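From a predicted model like this one, the values you see are computed outputs, not experimental measurements. Reckoned from all heavy atoms, side chains included, excluding hydrogens, waters and symmetry mates.
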Amino acid sequence: MNHERMVREMCAAVDAGDAPAFASWFAEDATYVFANNEPLTGRAAITAATAGAAGALPWVRHVVDQVALVGEDQLFCRFTIETESPAGKPLALPCVTVIRLVGERVVDYRVHMDITPAVG
């Protein structure tokens with residue numbers, strides 16, 4: 001499996017607002033945690049949350065800075081999230097995501113970032 005391609009495809013799906021395509025990478029019982037929010041469990045919950053988040057920002061673009069395989073089943077990913085503030089100011093927010101895989105499915109996805117500048 002080409003992990004960098006997988007991560008880029010996941011990011012492209014989020015950037016396009018395609019929550020089902022993003023969630024299709026996840027196992028049915030996967031866990032997803034964004035920042036300090038409560039964990040989501042299950043592909044359906046991940047799809048719904050991703051679709052809801054798409055409307056929270058005027059636009060978003062993930063710039064993939066690094067994808068590194070750690071051990072046999074974890075990916076460490078560094079991104080720059082480009083968007084804009086509620087006042088229209090361009091933003092470039094740092095983000096780190098740690099992904100745990102079983103086979104080719106994501107079973108645990110943890111996003112570490114502060115989205116506060118983008119939502120006011």
Pairs under 3.5 angstrom only: tabulate donor-acceptor contacts from the side chains of residues 111-120 to other protein residues two or more places apart or in another chain.
unit_1: Asp114; atom_1: OD1; unit_2: Thr116; atom_2: N; d: 2.9
unit_1: Asp114; atom_1: OD1; unit_2: Thr116; atom_2: OG1; d: 2.5

Nearest heavy atoms of [X] and [Y], plus distance in Å:
X     : Y     : answer
Val64 : Arg8  : CB-NH1, 3.6 Å
Phe26 : Arg43 : O-NH2, 2.5 Å
Ile81 : Cys95 : CG1-CB, 3.8 Å
Ala13 : Phe22 : CB-N, 3.6 Å
Ala21 : Trp25 : O-CD1, 3.5 Å
Leu91 : Glu84 : CD1-C, 3.7 Å

With sequence neighbours left out, the residues meeting ring-ring contact (aromatic ring centres under 6.0 Å, His included) with Tyr32 are Tyr109
Sequence neighbours excluded, which residues qualify as side chain to side chain donor-acceptor pair (under 3.5 Å) partners of [X]?
X      : answer
Arg105 : none
Asp18  : none
Asp65  : Thr80

Answer yes or no: is there a side-chain heavy-atom contact under 4.5 Å between Arg61 and Thr83? no
Close side-chain approach of Thr97 to Val7, heavy-atom, < 4.5 Å: no
Quick check against the 3.5 Å criterion: does Arg100 have a side-chain atom that pairs as donor or acceptor with the backbone of Val107? no
In this structure, would [X] and [Y] fall into the same cluster of hydrophobic residues linked by side-chain contacts under 4.5 Å?
X     : Y     : value
Met6  : Leu69 : yes
Val67 : Leu93 : yes
Met10 : Val14 : yes

Residues 33-41, side-chain donor-acceptor partners within the protein, below 3.5 Å, at least two apart:
unit_1: Asn37; atom_1: ND2; unit_2: Phe34; atom_2: O; d: 3.0

Run Leu101 and His3 through side-chain contact (heavy atoms from CB on, under 4.5 Å) and show every step you take. CA-CA 10 Å; Leu101 302 166; His3 295 112; 3.6 Å; yes
Applying the side chain to side chain contact (heavy atoms under 4.5 Å, CB included) test to Thr31, which of Val106, Asp108, Ile46 qualifies? Asp108
